[in-house]
J.: 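Below are the structure tokens for one structure; questions will follow.
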Amino acid sequence: MKKLIGILVIATLVMAGCANVKPSHDEYMAAVAAAKSAKKKATAVGYEWRDTGKMIKKAEEIAKGAADSEKAGDKEAAIAAYQKAAKLARKAEKQSHDAVKQQMQQANAGPVF
Amino acid sequence: MKKILLAITALGLLTGGQAFAKTDPEADLKAFRDYFYKRFPDTAKDDFINGVYSIDPASREQWEAIEEFPPYELNISNGEIVFNKKFKNGKSLASCFKNGGKGIKQNYPYFDAGTGKVKTLEQEINECLEKNGEKPFKYKKGKMADVSAYMTYTSRGKKINVVIPDDPRAIKAYEAGKRHFYAKRGQLNFSCADCHVYNAGNKIRADLLSPALGHVSHFPVYRSKWGGMGTMHRRYGGCNKQVRAKPFKAQSDEYRNLEYFHTYMSNGLEVNGPGARK
């Protein structure tokens, strides 16, 4: 039993040391690019929401923190931060898609007396 | 073949009729007024210029007490000083406006055939400054709000008289403003009309929603929330932000067109600005 626990502990430490940041970094980069592209479309139709830009900026700040963590050798922290940044960027992207849909729905808005 | 041609012609006439449905600002105005007269039957028609204070007696009492020593008096005095101050070239703001800039607010905004766009008072104040080699004012508060307050004060009692000429560009601007007013926007999915037409008189947290009829008459406005004077476009930006929409820039086409429609909807009511509001 002790041997088994020992093997598991060593395996976990080895795996942590081998953590690969690149996939989560790539995921973040794709998410923030998509968020920025979607925001441009919402702005172009005059329907950008108030907080979308702030969310993208926040995602970029978190990603900067992730890069710092990676430089400092804390790969797990870097992965977690990139994933958090990607999640926020996807939320921002969805806001822009919803804004564009909203504009289309409201294109012929008028009084309902 | 004949049947097909007949069907296509009929379809074309139908859709053509829809596409070229005539804009009728006068009919819009009548419907707008009738809605508010029906919703607030106890409010005198010319009293809508007093906003929530025309529909809520308790608020009106407090507001009338404030009006004994209006918080905007200093803004009017400051505005008069700036208005009459000579530029480096010896002219002043008065030189750019009809009647020396006094008693003209009720005609704004207007459609300018030369530029093909809506012009507002604040916009023309800055055009005057720039034409005379002076630095323009910022649009939302400060000197701009004070000068606008002074010019509006000289127009008190005049009936709002926005004109929509029979020019497709003017109609287009009016329609754009109307669409902005009625379209839901922002994460909270509200339109101007949601608050100020369909829910006028209802509470939003601790505040009453003001009716859109007579809305513009008291602008620029001293708002207690701002602790100072602000212009119409400052308020438009604030409202857009409140429904979590990104605001447009003050004096953008979007807001000038909105002001065009919004002010037209108060045609015939008296200018009573600048006003004091919560």
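Every chain is numbered from 1 and lettered A, B, ... according to where its sequence line falls, protein lines coming before strand lines.
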J.: Under 4.5 Å heavy-atom distance to chain A, tell me which part of Ala31(B) shows up: side chain, backbone, both or neither.
T.: both
J.: Provide the closest heavy-atom pair for Tyr47(A) versus Ala183(B) in the form atom of the first, atom of the second, distance.
T.: OH-CB, 3.3 Å
J.: Please classify the contact between Gln95(A) and chain B as side chain, backbone, both or neither, with a heavy-atom cut-off of under 4.5 Å.
T.: side chain
J.: May I ask you to decide if Phe113(A)'s main-chain N or O and Tyr198(B)'s side chain share a donor-acceptor pair within less than 3.5 Å?
T.: no
J.: Counting only heavy atoms closer than 4.5 Å, note whether Asn189(B) contacts chain A via side chain, backbone, both or neither.
T.: both
J.: Would one find more than 12 heavy atoms of other residues, nucleotides or ligands at under 6.0 Å from atom CG of Asn108(A)?
T.: no
J.: Using heavy-atom distances under 4.5 Å, tell me whether Ala42(A) contacts chain B through its side chain, its backbone, both, or neither.
T.: neither
J.: Is it the case that the side chain of Gln106(A) and the backbone of Lys184(B) share a donor-acceptor pair, with hydrogens and angles ignored and the cut-off at 3.5 Å?
T.: yes
J.: If you count every heavy atom of other residues, nucleotides or ligands that lies below 6.0 Å from Lys84(A) atom NZ, does the total exceed 12?
T.: no
J.: Give, as side chain, backbone, both or neither, the part of Val243(B) having an atom under 4.5 angstrom from any heavy atom of chain A.
T.: neither
J.: Enter the distance from Lys246(B):NZ to Thr43(A):OG1 here, rounded to the nearest 0.5 Å.
T.: 5.5 Å
J.: With side chain to side chain contact (heavy atoms under 4.5 Å, CB included) as the criterion, how do Trp49(A) and Gln187(B) come out once you've worked through the C-alpha distance, each side chain's angles and the decisive distance to 0.1 Å?
T.: CA-CA 6 Å; Trp49(A) 288 0; Gln187(B) 189 179 8; 3.6 Å; yes
J.: Can any side-chain N or O of Arg50(A) pair as donor or acceptor with the backbone N or O of Lys241(B) at less than 3.5 Å?
T.: yes
J.: Which atom names give the shortest non-hydrogen contact between Pro111(A) and Lys178(B), and what distance separates them?
T.: CD-CE, 3.8 Å
